[in-house]
Amino acid sequence: MTYHPKSDFIRIMIERGFLADCTDYQGLDDAFAAGVVPAYIGFDATAKSLHVGSLIQIMMLRWLQKTGHQPITLMGGGTTKVGDPSFRADERPLLTPDMIDENIAGIKKVFAAYIDYDKADTPALMLNNAEWLDDLNYLDFLRDIGKHFSVNRMLSFESVKSRLDREQSLSFLEFNYMILQAYDFLELNRRYGCLLQMGGSDQWGNIVNGIDLTRRVLDHEIYGLTSPLLTTSDGKKMGKSLSGAIWLNPDMLSPYEFWQFWRNTTDADVGRFLKLYTELPVEECDRLGALEGSEINDAKIVLANEVTALLHGREAADAAAQTSKEVFEKGGVGDDLPTLTLDAADVSDGISIVQLIVKSGLAGSGKEAKRLISEGGAKMNDETLDNAGLMVSADDLSTPVKLSAGKKRHALVTLG
């Protein structure tokens with residue numbers, strides 16, 4: 001886009017790749033330039049930790065506060081009881097109030113690493129929409145809020161339409177979710193002067209509904225801004241690894257494993273991820289992202305160090321980097337670590353993990369390799385393997401992969 005923003009926040013969102021869409025660029029930019037803008041992102045409490053897929057939104061809140069504005073983290077204590085149906089093929093399992101409270105307690109720990117709730121001038125706010133949703137009177141809500149929603153229009157939103165087009169069930173409970181989220185924005189504007197809702201681009205319909213509702217009920221001008229839904233350069237959903245989600249809480253994923261996830265970033269994603277997930281200057285991100293050959297691995301280490309330091313602290317990042325160096329470069333698994341070098345042709349259609357374990361010399365036969373996996377004795381990049389049918393692609397091998405059989409036998413697999 002050619003729009004030249006006046007405000008630091010909008011400029012950073014554009015320069016660093018955070019911006020997918022905005023309901024009114026000019027109006028929002030003017031609001032940011034005129035004074036402190038309170039802005040919120042909602043987080044439903046469906047697990048005890050957020051995962052890497054939420055990190056882009058958390059970084060947006062961090063930049064918001066760093067540029068002089070007020071971030072609001074809204075916990076979905078109320079909406080989690082319903083479940084967001086956006087772009088899902090099935091209904092979310094319903095959680096009990098105790099489970100939701102436990103999840104919120106786990107999630108809260110992450111935010112304090114990124115935003116300051118005690119800042120003198122623009123302290124972040126931690127709110128829970130159960131505060132206004134739990135005690136709603138159904139008839140009053142239908143009469144006062146429901147009258148502003150057109151079912152025809154709600155059915156036209158892509159998140160709902162895609163579910164119906166596939167002839168997959170959408171319960172009335174879930175259909176109400178977008179009304180409740182719209183009501184959140186209205187209440188945050190009424191109670192806290194919140195002017196902006198941010199979220200992933202899959203939240204566009206929900207955000208627009210909240211803006212329309214607030215205009216109709218309060219006649220206030222408010223805004224919406226979305227970030228792109230991130231996939232890696234090979235089209236995979238951001239935040240998944242061989243062993244599942246990349247959690248942000250250290251009790252669910254160790255800082256070392258978190259560091260290793262970023263160290264294994266595909267070459268093509270390094271520059272983009274540096275801009276989104278670190279605070280390094282844009283020019284430095286571009287320089288590091290443009291490195292080639294073995295030098296790009298140095299950029300990946302910078303990425304892993306910086307992202308891990310933001311979440312877990314610099315000491316944890318340094319320790320993870322040192323552990324990785326010892327595992328891959330020296331010590332008991334060091335200089336004489338056997339290395340299997342594969343040609344691109346060997347993995348053009350992928351190669352099974354069983355074949356890799358045999359070829360690397362860690363098992364004498366496929367049967368032995370399968371037994372090793374079934375007994376929990378096989379690891380890939382220090383993650384226990386539990387699927388003997390796993391296929392490893394060329395992209396997975398873009399950086400050396402460490403295979404382990406038990407605690408003392410290791411091998412590296414690389415592409416020649």
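Here, residue 1 is the first one in the sequence, and each next residue gets the next number. The structure presented is a predicted model; accordingly, all values stated were derived computationally and were not measured.
Proximity of the aromatic rings of Phe185 and Tyr40 is defined here by a centroid distance below 6.0 angstrom, and this criterion is met. Checked against a 6.0 Å centroid threshold, the rings of Phe111 and Phe43 count as neighbours.
Between the Thr278 side chain and the Leu280 main chain, a donor and an acceptor come within less than 3.5 Å of each other. Between the Gln70 side chain and the Gln65 main chain, no donor and acceptor come within less than 3.5 Å of each other. A donor-acceptor pair under 3.5 Å links the side-chain atoms of Asp116 to the main chain of Asp118, judged by distance alone. Side-chain N or O atoms of Asn206 include none that pairs as donor or acceptor with a backbone N or O of Gln181 at under 3.5 Å. A donor-acceptor pair under 3.5 Å is absent between the side-chain atoms of Thr384 and the main chain of Gly376, judged by distance alone. Side-chain atoms of Asn387 come within 3.5 Å of backbone atoms of Gly389 as a donor-acceptor pair (strictly under, hydrogens ignored). Between the Asn129 side chain and the Asp184 main chain, no donor and acceptor come within less than 3.5 Å of each other. Side chain of Arg314 to backbone of Ala309: no donor-acceptor contact under 3.5 angstrom is found. Listed for the Thr308 side chain is no donor-acceptor partner under 3.5 Å among the backbone atoms of Asn305. A distance-only check finds no donor-acceptor pair linking the side chain of Thr414 to the backbone of Thr341 [under 3.5 Å].
Leu61 and Ala39 make their closest contact through CD2-O, 4.3 Å (heavy atoms, listed as atom of the first residue, atom of the second, distance). The two residues Ile14 and Pro5 have their closest heavy-atom pair at CD1-CG, 4.2 Å. Nearest approach of His51 to Ala245, heavy atoms of both residues: CB-CB, 4.2 Å. Here the closest heavy-atom approach between residue Pro255 and residue Pro250 is recorded as CD-CB, 4.3 Å. Ala33 and Ser7 get closest at one heavy-atom pair: N-CB, 4.1 Å. Residues Ala20 and Ser227 approach most closely at CB-C, 3.5 Å, considering heavy atoms.
Taking CG of Leu133 as the reference point, atom OH of Tyr183 lies at 7.5 Å (rounded to 0.5 Å). Note that CE of Met198 is 11.0 Å distant from SG of Cys22, once rounded to the nearest 0.5 Å. The CE atom of Met59 sits 11.5 Å away from the CD1 atom of Ile115 when rounded to the nearest 0.5 Å. Interatomic distance, CG of Asp29 versus OH of Tyr223, reported as 10.0 Å (0.5 Å rounding). With rounding to the nearest 0.5 angstrom, the CG atom of Leu213 is 5.0 Å from the CD1 atom of Ile145. To the nearest 0.5 Å, atom CG of residue Leu310 and atom CG of residue Leu55 are 8.0 Å apart.
Arg272 has a carboxylate O that lies under 4.0 Å from a charged side-chain N of Asp269, or vice versa, which qualifies the two as a salt bridge. Ion pairing of Glu15 with Arg11 is present here, as a side-chain N (NZ or NE/NH1/NH2) and a carboxylate O approach within less than 4.0 Å. Under a 4.0 Å N-O distance rule, the pair Arg153/Asp212 qualifies as a salt bridge. Using a cut-off of 4.0 Å between Lys/Arg side-chain N and Asp/Glu carboxylate O, Arg371 and Glu368 are scored as not salt-bridged. Between Asp8 and Lys66 there is no salt bridge, since none of the side-chain N atoms of the basic residue sits less than 4.0 Å from a carboxylate O of the acidic one. Between Lys300 and Asp298 there is no salt bridge, since none of the side-chain N atoms of the basic residue sits less than 4.0 Å from a carboxylate O of the acidic one.
The ring pair (Phe, Tyr, Trp, His ring centres under 6.0 Å) pairs that include a residue from residues 372-391 number zero, where partners must be two or more places apart or lie in different chains. Among pairs with a residue in residues 293-318, those fulfilling ring pair (Phe, Tyr, Trp, His ring centres under 6.0 Å) read Phe258-His312, at least two apart in sequence or across chains. Within the structure, side-chain hydrogen bond (donor to acceptor under 3.5 Å, both in side chains) contacts touching residues 99-111 (residues at least two apart or in different chains) are Lys48-Glu102.
Put simply, the side chain of Glu279 reaches to within 4.5 Å of the side chain of Trp63, judged on heavy atoms. Phe9 places none of its side-chain heavy atoms less than 4.5 Å from the side chain of Val37. Here the side chains of Ile179 and Asn209 are not in contact, with every heavy-atom distance at 4.5 Å or above. Residues Asp382 and Tyr256 meet the side-chain proximity criterion, which asks for heavy atoms closer than 4.5 Å. Two residues are said to be in side-chain contact when any heavy atoms from C-beta on lie closer than 4.5 Å; Lys359 and Ile351 meet this criterion. Under the 4.5 Å side-chain criterion, counting only non-hydrogen atoms from C-beta, Phe261 is not in contact with Glu257. For the pair Val413/Leu397, a side-chain contact is recorded, criterion being any heavy-atom separation below 4.5 Å from C-beta on. Under the 4.5 Å side-chain criterion, counting only non-hydrogen atoms from C-beta, Ser365 is not in contact with Lys370.
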**Asked** So Asn189 and Leu218, side chain to side chain contact (heavy atoms under 4.5 Å, CB included) or not? Walk me through it.
**Response** CA-CA 9 Å; Asn189 180 255; Leu218 301 178; 3.5 Å; yes

**Request:** Show the numbers, then the answer: is there a side chain to side chain contact (heavy atoms under 4.5 Å, CB included) between Leu19 and Tyr25?
**Result:** CA-CA 11 Å; Leu19 196 53; Tyr25 288 108; 3.4 Å; yes

**Request:** Determine, step by step, whether Asn249 and Leu50 satisfy the side chain to side chain contact (heavy atoms under 4.5 Å, CB included) criterion, reporting the C-alpha distance in whole Å, the side-chain angles of both residues, the deciding distance to 0.1 Å, and the verdict.
**Result:** CA-CA 7 Å; Asn249 284 26; Leu50 298 174; over 6 Å; no

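Residues Asp30 and Gln26 have side chains that bring a donor and an acceptor to within less than 3.5 angstrom of each other. In summary, the side chains of Thr79 and Asp44 do present a donor paired with an acceptor at a separation below 3.5 Å, with no hydrogens or angles considered.
Residues meeting the salt bridge (Lys or Arg N to Asp or Glu O under 4.0 Å) test with Lys275, sequence neighbours left out: Asp286. Among residues two or more places apart in sequence or in another chain, the side chain to side chain contact (heavy atoms under 4.5 Å, CB included) test is passed with Ser393 by Lys236, Asp395, Asp396. Residues passing the side chain to side chain contact (heavy atoms under 4.5 Å, CB included) test with Ala299 are Val270, Leu288, Leu291, Ile296, sequence neighbours excluded.
For Asp349, the CG atom is loosely surrounded, since the number of other residues' heavy atoms within 6.0 Å does not exceed 12. By the neighbour-count criterion of 12 heavy atoms within 6.0 Å, atom NZ of Lys119 is densely surrounded, having more than that number from other residues, nucleotides or ligands.
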